[in-house]
Structure formats: C-alpha cells, structure tokens
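For reference, the structure is listed below as structure tokens.
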Amino acid sequence: MRAPHHLRGLLLAAAGLLAALAVAPRAHAAATVVIDNFDSPGEGLNDLTPAGPVGGNGATTLGGQRLAVLETAAAVWSGILDSPTVIHVAAVFDPLSCSATGATLGATSANCLHFNFDGAPFKRTWFAASLANLLSGGDLCPSASCLSCFAADMTAQFNSTIGTTCSFPRTWYYGLDGNPPPGTVDFLTVVLHEFAHGLGFFSAVSPNGLKLFEMDDAYMRRLEDHTSGLLYPQMTDAQRGAANVDTGNLHWVGPSTVAASGILTDGVEPVSGHVELYAPATYSNGSSVSHFSTDATPNQLMEPFYTGPLHDVGLTRNILQDIGWQLP
C-alpha cells in the first residue's frame with residue numbers, strides 16, 4: 001500500500017501557498033541511503049543537457065546535477081539515521097500538478113507498509129518499509145506482512161515541468177549551498193522533505209478518519225486532538241475525521257519532539273510542548289495531518305509549503321525518532 005504525500009510550491013499572485021517508540025537498543029549502524037534512478041534514457045536524472053557548475057554542484061549535465069542533489073540528500077539522512085539495512089529510494093522526474101500560480105514540487109510514497117512482523121513493537125500497526133526493516137533487523141520484502149512489495153522502499157517524484165513546460169514562474173536551483181537566487185526553488189530542500197515522508201512522516205488515516213484496514217499506523221499513534229485530549233487510536237472514525245481539520249488543535253505528542261519543542265516560538269502549545277500539525281478547516285489531500293503547522297516558527301522542513309532553503313532537518317528528526325527510528 002502506498003501512502004503519497006506532497007510538497008507544494010508557493011502560489012504566486014493568488015490566495016494560498018505553494019508533499020519515540022521504546023525499542024531495545026542496537027549497536028550503532030549508520031544508515032545507507034541509495035538512490036535508484038528510475039528515469040528513462042535522456043530524461044530527468046539522465047538529461048544530458050550541458051550545465052555549468054552552480055553552488056558547489058560540479059556536475060556537467062542537467063541530469064547529473066539533479067542526481068548530485070539527490071545523493072547529497074541521501075548522505076544527509078544517512079548521517080542522521082541508524083539502520084542495518086540499506087534504504088533504497090526510487091527517484092524519478094515526472095510531470096506533476098503545475099500552473100502559473102502554483103505547483104506540486106514533489107510527491108513521495110512509501111512503497112510498502114508492513115504489520116505484525118517479527119520485531120514490531122506494536123501489533124496491528126502499519127510501519128513504512130524502511131522503518132519496518134530497521135525494527136525487524138532485515139529486509140522484509142518479500143513478506144506476508146506487506147500488501148505488496150517493490151524493489152525500493154520509497155518512490156520520490158519531482159516535478160519535471162518546472163522551468164520547462166509549465167508557466168510557474170520559478171525554476172529549480174541545483175546548488176548545494178542553500179543560497180538559491182530569487183525566482184528559484186532550492187531542490188535540495190525539497191528532496192530532504194520528500195525523503196522524510198518516505199521514511200514514515202505520514203499518516204495512513206483517511207480524510208474522514210478511517211484507519212487503513214482498521215489498523216493503526218506508527219505515525220497516528222502520536223497524534224492528539226487537543227480539544228478532546230484523545231489520541232487517534234482512542235478515537236472513533238468520526239472523531240479522527242474531526243481532528244483532521246481541527247485547526248490549531250491537532251498536536252504531535254511524541255516525547256522526543258516535545259522535549260525539543262522549545263526551539264519553537266510559535267506553532268507549539270506553551271504548557272505541554274505539544275507541536276501543532278497542519279490541519280486546515282478544509283482537508284487537503286497529501287498535506288493535511290502529515291506536516292507541521294504553517295505557524296511553526298522558525299520554519300520547519302516538514303511544513304506543507306516551500307518557505308525557502310532549509311538544509312537542517314530540525315524537528316523532523318525528532319518525529320522520526322518518535323515513530324521508531326534510532327538516531328546515533
């Protein structure tokens with residue numbers, strides 16, 4: 001089962017904007033994140049259009065520069081996470097939603113959700129493929145605990161129409177220095193964001209509150225509706241549906257994130273330290289619930305809309321720790 005989530009581009013000249021569990025300690029094993037190029041010859045990551053060096057990216061073709069950014073993001077996450085199994089990312093450039101006023105920058109799916117595997121800290125609970133592999137101590141595909149298996153743990157798509165066939169007035173910036181010029185979108189920021197979704201920064205709960213095949217997922221276990229004080233697993237479907245759109249009151253209560261929430265001056269409940277998640281009154285597919293609130297100050301990598309270059313993953317690492325990832 002795939003769980004797609006998106007990062008959207010800034011809507012220009014329009015109203016609106018622009019995709020820890022208690023586990024037994026293991027020996028340190030720095031993660032290895034590998035990029036699997038799924039583009040066809042001559043397109044996307046294989047585009048042979050000549051390109052000059054930009055912002056520390058010395059690749060000499062457009063496709064090579066894109067791939068260099070993906071590999072840089074892979075190295076960042078490899079340095080943050082522990083995992084004895086290789087994390088494979090299927091990466092492609094494809095046409096995504098795009099117009100003169102807004103664009104979907106990227107969309108990422110965990111290619112498999114596992115449950116009831118050996119090492120799972122909770123039964124009848126969905127875990128993204130790469131996280132399930134960590135918790136089980138090995139690669140679970142193929143496995144009866146998964147709805148269907150893919151060669152890669154996640155698929156990350158990036159919008160090929162930006163700067164090419166779309167009238168969106170921004171283009172991609174492929175530098176590695178976090179210094180995109182005006183009128184560009186920092187590609188490395190978008191890639192870091194999308195990889196986090198594939199690692200498990202998402203909920204499988206439907207807009208109206210239904211659980212996937214009536215089972216919890218690792219992310220929803222840390223969601224609270226501050227209005228009722230209930231966690232998502234304790235709620236009825238109707239209560240979860242209401243919480244999905246309870247603006248300002250949908251909170252993340254995982255202990256690692258709460259302990260680190262003092263870095264925020266807005267987007268956090270001052271007494272509890274609970275961190276606000278994105279819950280607009282009208283549910284937004286691919287954005288609602290599975291991102292930080294746009295009120296988060298300073299800006300966080302996992303907000304639903306591009307806000308500028310962010311190469312520090314910030315509280316995103318704490319969310320991942322809360323759902324079961326181990327950090328060095």
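From a predicted model like this one, the values you see are computed outputs, not experimental measurements. For the numbers below, each heavy atom of this structure counts, side chains included, while hydrogens, waters and symmetry mates do not.
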Stepwise side chain to side chain donor-acceptor pair (under 3.5 Å) test for Asn111 and Thr155: CA-CA 6 Å; Asn111 283 339; Thr155 296; 3.0 Å; yes
Stepwise side chain to side chain contact (heavy atoms under 4.5 Å, CB included) test for Met235 and Ser228: CA-CA 10 Å; Met235 296 180 184; Ser228 66; 4.1 Å; yes
Steps toward side chain to side chain donor-acceptor pair (under 3.5 Å) verdict (Asn57, Gln65): CA-CA 6 Å; Asn57 189 337; Gln65 289 191 344; 4.7 Å; no
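Pairing each heavy atom of Cys98 with each of Ile162, the nearest pair is SG-CG1, 4.3 Å. Heavy-atom minimum distance, Asp322 versus Ser256: OD1-N, 2.8 Å. Of all the heavy atoms in Val33 and Ser78, the pair that sits closest is N-OG, 3.0 Å. The two residues Arg221 and Pro233 make their nearest non-hydrogen contact at CA-CG, 3.9 Å. In terms of heavy-atom proximity, Pro84 sits nearest to Leu134 at CD-CD1, 3.6 Å. Residue Ser261 comes nearest to Val275 through the heavy atom pair CB-CG2, 3.7 Å, listed as atom of the first residue, atom of the second, then distance.
When atom types are taken as modelled, the side chain of Ser290 and the backbone of Ser203 share a donor-acceptor pair closer than 3.5 angstrom. Looking at Arg222, its side chain never comes within 3.5 Å of a backbone N or O of Gly254 through a donor-acceptor pair. No side-chain donor-acceptor contact under 3.5 Å links His193 to the backbone of Thr189. Judged purely by atom type and a 3.5 angstrom limit, Ser287 has no side-chain atom pairing as donor or acceptor with the backbone of Ser284. Judged purely by atom type and a 3.5 angstrom limit, Ser40 has no side-chain atom pairing as donor or acceptor with the backbone of Glu43. Proximity of a side-chain donor or acceptor of Trp77 to a complementary backbone N or O of Leu192 within less than 3.5 Å is detected.
Under the 6.0 Å cut-off for aromatic ring centres, Phe127 and Phe117 qualify, their centroids lying closer than that. Checked against a 6.0 Å centroid threshold, the rings of Trp172 and Phe187 count as neighbours.
When only modelled atom types and interatomic distance are considered, Asn318 and Thr257 share no side-chain donor-acceptor pair under 3.5 Å. Side chain to side chain, Asp237 and Asn208 fail the donor-acceptor criterion of an N or O pair below 3.5 Å. With no hydrogens or angles considered, no side-chain donor-acceptor pair links Ser160 and Asp94 at under 3.5 Å. Remark: the His88 side chain and the Asp153 side chain contain no N/O donor-acceptor pair separated by less than 3.5 Å.
Of the charged side-chain nitrogens involved, at least one lies within less than 4.0 Å of a carboxylate oxygen, so that Asp216 and Lys211 count as a salt-bridged pair.
Tyr278 is linked by a ring pair (Phe, Tyr, Trp, His ring centres under 6.0 Å) to Phe305, counting only residues two or more places apart in sequence or in another chain. Partners of Asp312 according to the side chain to side chain contact (heavy atoms under 4.5 Å, CB included) rule, which considers only residues two or more places apart in sequence or in another chain, are Arg317.
Remark: Asp118 CG is loosely packed, at most 12 non-hydrogen atoms of other residues, nucleotides or ligands lying under 6.0 Å away.
Relative to the six-membered ring of Phe115, Arg124 misses at least one condition, a distance below 6.0 Å or an angle of at most 45° to the axis.
Among Glu269, His274, His226, the one residue that satisfies the side-chain contact (heavy atoms from CB on, under 4.5 Å) test with Val253 is His274. No option in Phe201, Tyr232, Trp126, Phe202 other than Phe201 meets the ring pair (Phe, Tyr, Trp, His ring centres under 6.0 Å) test with Tyr219.
Follow the hydrophobic side-chain contacts under 4.5 Å out from Phe93 and you never reach Leu96; the two are in separate clusters. The cluster map of Ile, Leu, Val, Met, Phe, Trp and Tyr, joined by side-chain heavy atoms under 4.5 Å apart, puts Val205 and Leu231 in different clusters. Hydrophobic clustering, with ILVMFWY side chains joined whenever heavy atoms are under 4.5 angstrom apart, groups Ile319 together with Ile263. Note: the hydrophobic cluster containing Met154 does not contain Val92 (ILVMFWY, side chain heavy atoms under 4.5 Å, direct or indirect links).
Remark: Ser97 OG to Asn159 CG distance equals 8.0 Å, nearest 0.5 Å. Note that the CG atom of Leu223 and the CD atom of Gln234 stand 12.0 Å from one another [nearest 0.5 Å]. Within the model, atoms CD of Glu276 and CG of Asp266 stand 7.0 Å from one another, a figure rounded to the nearest 0.5 Å.
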